[in-house]
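Lettering follows sequence order; numbering is per chain, from 1.
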2 protein chains.
Amino acid sequence: MTVQPSKQAIDFCATMTDEQDEFAREMLERVSAKWPLRTLQILQAAGGPLRFSRVLERVGGISQKVLTQTLRMLERDGLITRTLYPQVPPRVEYELTPLGYEFLLQTVPLWHWIIEHLPAFTAARHEAAKR
Amino acid sequence: MTVQPSKQAIDFCATMTDEQDEFAREMLERVSAKWPLRTLQILQAAGGPLRFSRVLERVGGISQKVLTQTLRMLERDGLITRTLYPQVPPRVEYELTPLGYEFLLQTVPLWHWIIEHLPAFTAARHEAAKR
DNA sequence: CTCCTTGGTTTCCAATAGGTAAGTATAGTT
DNA sequence: AACTATACTTACCTATTGGAAACCAAGGAG
């Protein structure tokens, strides 16, 4: 490894407290689990509020229980809002908050980089499989 | 939601194939699990090859078994190299690849953003706890 | 009086993750 | 002959995750 450019971009991590480090790690882990990111993307793509059932359809492959958990978690972290209209049958709408939108924006470069380097990953796996 | 700037930065996602989407999601999920990112950061901070035991010490709190699994996975994805020196007792060294280093660089802005917005997350949780 | 609807919650079960501890291989040291 | 060191691997056990499906509330329709 002789790569040097913007090494300090990584080294800022050294200036973090353990608490910050742990919290950031937790957020990243939580949000990059199987469903949360996809859920946020669905809500972003919708461009407005979505009812529970609509999210369920569009995310696809997720169970009711897990979607409920996911939405509650995202709400707790302030990334989405949950609005209950006390009708019968009840109507609940979920919507991306500005914070959630900003977060989603931050993930884009990483996302993009991974897709650009998809061939490199495939090659690495192929190489590893030979041995 | 009236935020509009660089909306297309997110919408590029729509141009992805399902395969790309799934793969990118998988990579992100894998690498942001409990140990992989931390392991990469340790190897980066070392600035050179590290033996298994040294990584074990520095990561801290990880078991031998899980570290082995983590390192193998990172190697398979081409983010680190594993070099076995056939001595007795055996010596094995792990080192960040340029791909691994680049990946780590990509995570920095997101990491940074999360830490900057830590107060917002804390506030959201506090708000949620009240209800 | 029963069914339908929505947005869950609850229960049960199977799969996965992760930890501890012990085993393994082998040359060198005591 | 016993012991050490290294880098795992294996066995075993527990805890968490996730899916399917049943249950629930409450008013309106038939």
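Atom CG of B:Leu84 is separated from atom P of D:dC8 by 8 Å (rounded to the nearest Å). Per the geometry, CE belonging to B:Met73 stands 15 Å off P belonging to D:dC8, to the nearest Å. Between A:Leu67 atom CG and C:dG8 atom P there is a gap of 8 Å when expressed in whole angstrom units. Rounding to whole angstrom units, CG of residue A:Leu50 and C1' of C:dG7 are separated by 15 Å. A:Gln87 has its CD atom 12 Å from the C1' atom of C:dG7, to the nearest Å. To the nearest angstrom, P of D:dT9 lies 10 Å from CD of B:Gln69. Rounded to an integer number of Å, the gap from CD1 of A:Ile62 to C1' of D:dA20 is 14 Å. Residue A:Leu56 contributes atom CG, which lies 15 Å from atom C1' of C:dT5 at whole-angstrom precision.
B:Tyr94 comes within contact range of the sugar-phosphate backbone alone, with a heavy-atom separation under 4.0 Å but no base atom that close. Within 4.0 Å of A:Arg54, counting heavy atoms only, lies no atom of the nucleic acid at all. Counting any heavy atom pair closer than 4.0 Å across all strands shown, B:Gln64 reaches a base atom.
Residue B:Val88 places its side chain closer to C:dA27 than to any other of C:dT6, D:dA7, C:dA27. Comparing C:dT20, D:dA7, D:dT9 by their closest approach to the side chain of B:Thr68 singles out D:dT9. Here D:dA7 is the nucleotide among D:dA7, C:dT20, C:dG7 with the atom lying nearest to any side-chain atom of B:Arg91. Side-chain proximity of B:Lys65 to C:dG18, D:dT6, C:dT11: nearest is C:dG18. Which of C:dG7, D:dC8, C:dA27 sits closest to the side chain of B:Arg72 comes down to D:dC8.
For A:Arg51, a side-chain nitrogen or oxygen approaches OP1 or OP2 of C:dG7 to under 4.0 Å.
Ion pairing between a basic and an acidic side chain is recognised when a charged N comes within 4.0 Å of a carboxylate O; A:Arg30 and A:Glu26 show such pairing. Ion pairing between B:Glu93 and B:Arg91 holds under the 4.0 Å rule for side-chain N and carboxylate O.
If you find the closest nucleotide of DNA chain C to B:Val66 and to A:Leu71, the one lying nearer the 5' end belongs to A:Leu71. Positionally, the nearest nucleotide of DNA chain D for A:Gly61 lies more toward the 5' end than for the other of A:Pro90 and A:Gly61.
With respect to A:Leu104, the side chain to side chain contact (heavy atoms under 4.5 Å, CB included) criterion is satisfied by exactly one of A:Leu79, A:Leu96, A:Val31, A:Leu43: A:Leu96.
If you take CG on A:Leu99 and OG1 on A:Thr81, they are separated by 11.5 Å, rounding to the nearest 0.5 Å.
In the displayed structure, B:Glu57 atom CD is contacted under 6.0 Å by more than 12 heavy atoms of other residues, nucleotides or ligands.
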